[in-house]
Amino acid sequence: MADSQENDQRAQRRANLASLADLGVPVYPHAFRGADPDRDADTVSALVDAHGSTCGADLESAQVRTATAGRILIVRSFGKARFLVISDGRKRIQVYVRKDALSDGDFGVAALLDIGDHVGVEGRLFRTRTDELTVWADRLEFLAKCHLPLPEKWHGLTDVETRYRRRYLDLIVNPGSRAVFEARARVIASIRRFLEDPERGFLEVETPMMQPIAGGALARPFVTHHNAQDMDLYLRIAPELYLKRLVVGGMERVYEINRNFRNEGVSTRHNPEFTMLEFYWAYRDYRDLMTLTERLLETVARDVAPFTRDAVGADGGDPRGSGADDDAAVVFGGRTVSFRGPYPRVKLRQAVGDAAAERLGIPVSESDLRNRGTAAQVAARLGVETVPGHGPGKISLEIFERLCEPAILQPTFVHDFPTEVSPLSKQRDDDPDTVERFELYVAGMELANGFSELNDPVEQRRRFEAQLRDRQGGDLEAHRMDEDYVRALEYGLPPTAGEGVGIDRLVMVLTDSPSIRDVILFPLMRAKS
RNA sequence: GGGCCGCUAGCUCAGCGGUAGAGCACCUGACUUUUAAUCAGAUGGUCGCUGGUUCGAUCCCAGCGCGGCCCA
C-alpha cells in the first residue's frame, strides 16, 4: 500500500521538489516577470506568433531576447544539455538548456525538472539545425511542480470519460480541445459583435436564473429552495418571459446569452445546463427573424470557420468541395455544412405530410394532420406512439421529429407550427390553427426557434389555460400560468419577434464535435465513487 | 427505459481458465542542435466492484457502478 504508492512517480516528483528546496530554490514562487523590470515576459503564443516564420539568419542578426514561461510537455535530455518543449496552453516553443550557457545553480534546477512542471526561461531566440524555433536559455526559473505524471506525449489523452471529468488534463495535452473552446469564445464574441453593431442596436441584459415560475419553454425544471424566504424557486428553462417584459418596458431590442437548465436526459445533443442566445426585436415578425438568422449564422461561420479548419482539425474534407469559395462552410461528421444564406424554408405540416406519404406510399395531406383522428392514424401506421392527451399538433410534431429532423443536413427553416404546441406564438391571420413560428435545423439538430410573439393578453391567458389542462392531464412539460406575464402584456407588448439559438449545438457544428460534451468545458457527469 | 460495446501499469493498448505483457512515461548509466531523440539496463498492477462456477478466474456466469454507441 504505502510502499508501492510511495514508489510511484508521484513520490519521485516529490523527491525532486524536495531536492530543489534543498538547493535553496523557492519551490512555490509568486510570479515570473523576467529580469528586465521595464518589460513583461512574453507569452509563448506571442513569441510563436511574432517569430514563427522568422528565419534563423534573421534571428541571429536581430538577437531577439525573451523571457517566457510555460508548462513543460516534453523533455529530451542529453548529458550536458536538454531540450524542453513548453506550452502556454495555446502554443508550444522549444527551449534549449545547455550547461555552459547557464549558471551551475540553474542547470542543477534543470536536472530536477519533471514533465508537467512550470518554468520560466530567459535567453535569445534561434533556430536549430532542424530549423526549430528555440529559446537558447541563459536563465531558468522553477515556477511550480506537477506532482502527477501527464498522459502520453504521442497518443495524448483519448479516454473520453477522463477528458470530460478532468478537463484540465485534456486541455494540457490535447491542443484540439483548447481550440474548440477558443472557437466557442469566438462564436459568442462574434454574436455579440453582430447584435451590438449600431446598425442593429441590441442591448445585452441579464434576467433571473432563479424564477418562481419556470416559463418560456415546454420543459421540466430543476427546483431549489430559498431558505430565508422559505420559497421554492426554479432554475430557469428559458429567459423568454422576462425578456418580453423588458420589451414591454421599452427595451425594444434586447438579448441575453446565458445558461438554461432543463431537467431532462443527457445525450450527445443534450446537457442539463446549456447556453442559449435569446433575443427580442420590437416591430418585427418571424420573417424578419429568419433573414436576420441567416445573416447572423453566416457571419459567425465566416468569423470562426477559417480558425477551426486549421486549429480544431475540423478539416476532414474540403469544406469548399461542393460550392466554390464558400467561406461560411464547415465539415461536420465528414459532410459539408454551409451557413451561407438564404436557407430553404419548408412548412412543418407540408414536410411531415410529404415524409409520411413517401414512407407509407399513400397521400397524406395537411388537413389530415390538422385532424386528431387522421393524424393519429398516420402516426400509428408510422409506428410513432401517441398519447391520448396529444392533439393533432403534438402528433404532427412527433412525426416531424421522427421522420424529418434527422434527415436535414443543411440549414433549413421549418415554419408555421401548430398553435397547440406553441403557447407563446402569434397566430397567422388567415389560419388560427397555425402560428408564425419557425425552427432552424442543421445536421439533424434543432439549432434555433423563433416566432412572432403573441401580444394579445386575452389570447395569452386562453393559451395558458389550455396548457394548464394539458398539465392536469399529466403533461409535466406543459406551460404554467404566469399572471404577472399576462399583466405585462396588458400594458401592451408591441409587435415583436423573438428567437433562441442553441450556442452549444452551433459550436458543435462549427468545430466538428460529435457530442455536446465536447463543447462544454465541464459537462455533467455522474458522481464516481 | 431497452440493446450492444468498453473498463488490464500514470497514458495508449495486447492478453482471455494455470497466478499478467508491450510502447511511451518513470528510475539507473552513456550522450552539448534533439524533436515520437538514440543506446544499454531496471522498476512498476487489489486486470472497475461484489458474488457465483471451478482444484484454480483478469478470462466463464450473475448483479452492480461508470462511460461510449444505437434505439425508445
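- Closest approach to the Asp159(A) side chain among A72(B), U33(B), U12(B) is made by U12(B) (side chain taken as heavy atoms from C-beta onward).
- Smallest separation of non-hydrogen atoms from Ala379(A) and Thr386(A): CB-CG2, 3.6 Å.
- Residue Gln94(A) is in base contact, counting any heavy-atom pair closer than 4.0 Å across all strands shown.
- In this structure, the ring of Phe417(A) has its center no less than 6.0 angstrom from the ring center of Phe400(A).
- As judged by a 4.0 angstrom heavy-atom cut-off over every strand, Arg165(A) is placed among residues touching the sugar-phosphate backbone only.
- Ring planes of Tyr96(A) and Phe126(A): tilted class, angle from 30 to 60°.
- A donor N or O paired with an acceptor N or O is found under 3.5 Å between the base of G23(B) and the side-chain atoms of Glu152(A).
- When all heavy atoms are compared, the tightest approach of Ala217(A) to Ile237(A) is O-CD1, 3.3 Å.
- Across every strand in view, C16(B) sits unpaired, with no contact that passes the Watson-Crick or G-U test at under 3.5 angstrom.
- Within the nucleic acid shown, Asp100(A) comes within 4.0 Å of at least one base atom, counting heavy atoms only.
- Within 4.0 Å of Leu157(A), counting heavy atoms only, lie sugar-phosphate atoms of the nucleic acid but no base atom.
- C5(B) sits 16 Å from G15(B) when the P atoms are compared, rounded to a whole Å.
- Contacts of Arg526(A) with the nucleic acid, taken as non-hydrogen atoms under 4.0 Å apart, involve only primed sugar atoms and P, OP1 or OP2.
- Scanning atom types as modelled, one donor and one acceptor separated by under 3.5 angstrom connect the side chain of Arg76(A) and the base of U34(B).
- With centres under 5.5 Å and a plane angle under 30° as the test, the ring of Phe78(A) is not stacked against the base of C31(B).
- When heavy atoms are screened at a 4.0 angstrom cut-off, Thr268(A) is found touching the sugar-phosphate backbone but no base atom.
- The residue Arg92(A) sits apart from the nucleic acid: no heavy atom pair falls under 4.0 Å.
- Side-chain proximity of Glu132(A) to the nucleotides U34(B), A37(B), G10(B) is greatest for U34(B).
- The backbone N or O of Glu122(A) lies less than 3.5 Å from no partner atom in the side chain of Arg139(A), so there is not a single donor-acceptor pair.
- A side-chain donor-acceptor contact under 3.5 Å links Thr419(A) to the backbone of Thr434(A).
- Nucleotides U53(B) and C61(B), compared at atom P, are 16 Å apart to the nearest Å.
- Of the C1' atoms belonging to U8(B) and G23(B), the separation is 15 Å, rounded to the nearest Å.
- Counting to the nearest Å, the P atom of U32(B) and the OH atom of Tyr96(A) are 9 Å from each other.
- Residue-level contact check: Gly265(A) touches neither bases nor backbone, having no heavy atom under 4.0 Å from any strand.
- Comparing A9(B) with G48(B), their P atoms are spaced 8 Å from each other, to the whole Å.
- Nucleotides C39(B) and A14(B) place their C1' atoms 26 Å apart, quoted to the nearest Å.
- No donor-acceptor contact under 3.5 Å links the side chain of Thr158(A) to the base of U12(B).
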